[in-house]
Amino acid sequence: MSLKDKTVLITGGSRGIGKAIAIALAKEGANIAIAAKTAEPHPKLEGTIYTAAKEIEQLGVKVLPIQADIRDEEQIKSAVDATVKTFGGIDILINNASAINLSPAEQLEAKRFDLMHGINVRGTFLMCQHSIPHLKNSSNPHILNLSPPINLDPKWFANHVAYTMSKYGMSMIVLGLAEELKKYKIAVNALWPRTTIATAAVQNLLGGDFLIQKSRTPEIVADAAYYILSRPSSECTGNFFIDEEVLSQEGINDFAKYAINPDQKLMADLFLD
């Protein structure tokens, strides 16, 4: 299914995986609405909605940068309305925005708990809720959450239960909406990387340059997202995709180009055995 002239609304699209997905889809002719918080340059975070939009526009598509905090329902409504007003509808919703904190329960501040659940679960749910009426009008509508397969091994809860709950919340949205929206032929899927990805979160919060060297570039997730979103929505829903597996299904098995440092052993991502 062609993505040319399709409208993609993506949260957290100013940098990292979100921006990489936006670029991959723009290369296929999709118009992009970026909803993200960063409108002014940040000392520790690369890029803003405007710098990302400028980069994507050079690919010859229309781009709408939208400053939005998805913890605020009114800002979600405004982002959806602005996208529809500018492009005439929404064909694809990508819930990429996410907060991470791997602190154990005893050390996690309440505001950090609220941040993760406000963005990862509540924000994702409300982005879906307000986009669904417009997705119903699309010829090949998709929702894609950047969330993991639900793995109930206690080891994934033991050290960071709050973060795990929030990411599994995003995944439960996939499970529920895939069934609820099947009658409208709206595909709802999840995508998760096999390895850690070189993003600002990995650099600043998790492992610094040591972990970056053991990671892949965001482009592997972006390429997998492209193949998922190109599939017929009526035949592809309720899946928990892993980036490597998606690419393998498309005949791509050489992942060396995605490695930050080909000489380093890759680090498996969370929630995958």
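Scope of the values below: all heavy atoms of this structure, side chains included, with no hydrogens, waters or symmetry mates. Note that the coordinates shown come from a computational prediction; the quantities given were computed from them, not determined experimentally.
Separating the OG1 atom in T48 from the OH atom in Y50 is a distance of 7.5 Å, to the nearest 0.5 Å. A distance of 11.5 Å separates OG in S14 from CD in E55, rounded to the nearest 0.5 Å. To the nearest 0.5 angstrom, N159 atom CG is 9.0 Å from T164 atom OG1. A distance of 7.0 Å separates CD1 of I76 from CZ of R122, quoted to the nearest 0.5 Å. The distance from the CD1 atom of I132 to the CD1 atom of I143 is 5.0 Å, given to the nearest 0.5 Å.
The aromatic rings of H160 and F271 sit perpendicular, their planes meeting at an angle over 60°, well past the 30° parallel limit.
Surrounding CZ of F125 are at most 12 heavy atoms belonging to other residues, nucleotides or ligands under 6.0 Å away. Other residues, nucleotides and ligands place no more than 12 heavy atoms under 6.0 Å from the OH atom of Y184.
Using modelled atom types, one side-chain atom of S171 and one backbone atom of P148 make a donor-acceptor pair closer than 3.5 Å. Side chain of T195 to backbone of A268: no donor-acceptor contact under 3.5 angstrom is found. Judged purely by atom type and a 3.5 angstrom limit, N189 uses its side chain to pair as donor or acceptor with the backbone of C236. Side chain of S230 to main chain of Y226: a donor-acceptor pair is present (N/O by atom type, distance under 3.5 Å, no hydrogens or angles). Within the 3.5 Å criterion, the main-chain N or O of G12 finds a donor-acceptor partner in the side chain of N96. Side chain of H142 to backbone of R231: a donor-acceptor contact under 3.5 angstrom is found. Checked by atom type and distance alone, the side chain of W156 never pairs as donor or acceptor with a backbone atom of I150 at under 3.5 Å. Checked by atom type and distance alone, the side chain of D69 pairs as donor or acceptor with a backbone atom of R71 at under 3.5 Å. Looking only at distances, no side-chain donor or acceptor of D269 sits under 3.5 Å from a matching main-chain atom of T196. Under a 3.5 Å cut-off, the side chain of D91 and the backbone N or O of S138 do not form any donor-acceptor pair.
For the residue pair S233 and N140, a side-chain donor N or O sits within less than 3.5 Å of a side-chain acceptor on the partner. A side-chain donor-acceptor contact under 3.5 Å links S98 and K167. For the 3.5 Å distance criterion, the side chains of Q213 and N261 qualify, holding a donor opposite an acceptor. No side-chain N or O of Y258 forms a donor-acceptor pair with one of D243 less than 3.5 Å apart. For the residue pair S139/K6, the side-chain donor-acceptor check at 3.5 Å is satisfied. For the 3.5 Å distance criterion, the side chains of T124 and N95 fail to qualify, holding no donor opposite an acceptor.
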Next item on the list: For I23 and I56, run side chain to side chain contact (heavy atoms under 4.5 Å, CB included): C-alpha distance rounded to whole Å, both residues' side-chain angles, the deciding distance at 0.1 Å, then the answer.
Entry: CA-CA 6 Å; I23 289 171; I56 296 164; 3.9 Å; yes
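With respect to the salt-bridge test (charged N to carboxylate O, under 4.0 angstrom), the residues E57 and K54 do not qualify. Salt bridge status for K37 with D72: absent, with no side-chain N to carboxylate O gap under 4.0 Å.
By the criterion of side-chain heavy atoms lying less than 4.5 angstrom apart, applied directly or through intervening Ile, Leu, Val, Met, Phe, Trp or Tyr residues, I260 is not grouped with V221; the two fall into different hydrophobic clusters. Hydrophobic clustering, with ILVMFWY side chains joined whenever heavy atoms are under 4.5 angstrom apart, keeps M1 apart from V8. Hydrophobic clustering (side-chain heavy atoms under 4.5 Å, transitive across Ile, Leu, Val, Met, Phe, Trp, Tyr) keeps I34 apart from I119.
Closest approach of N151 and D273 over heavy atoms only: ND2-OD2, 3.1 Å.
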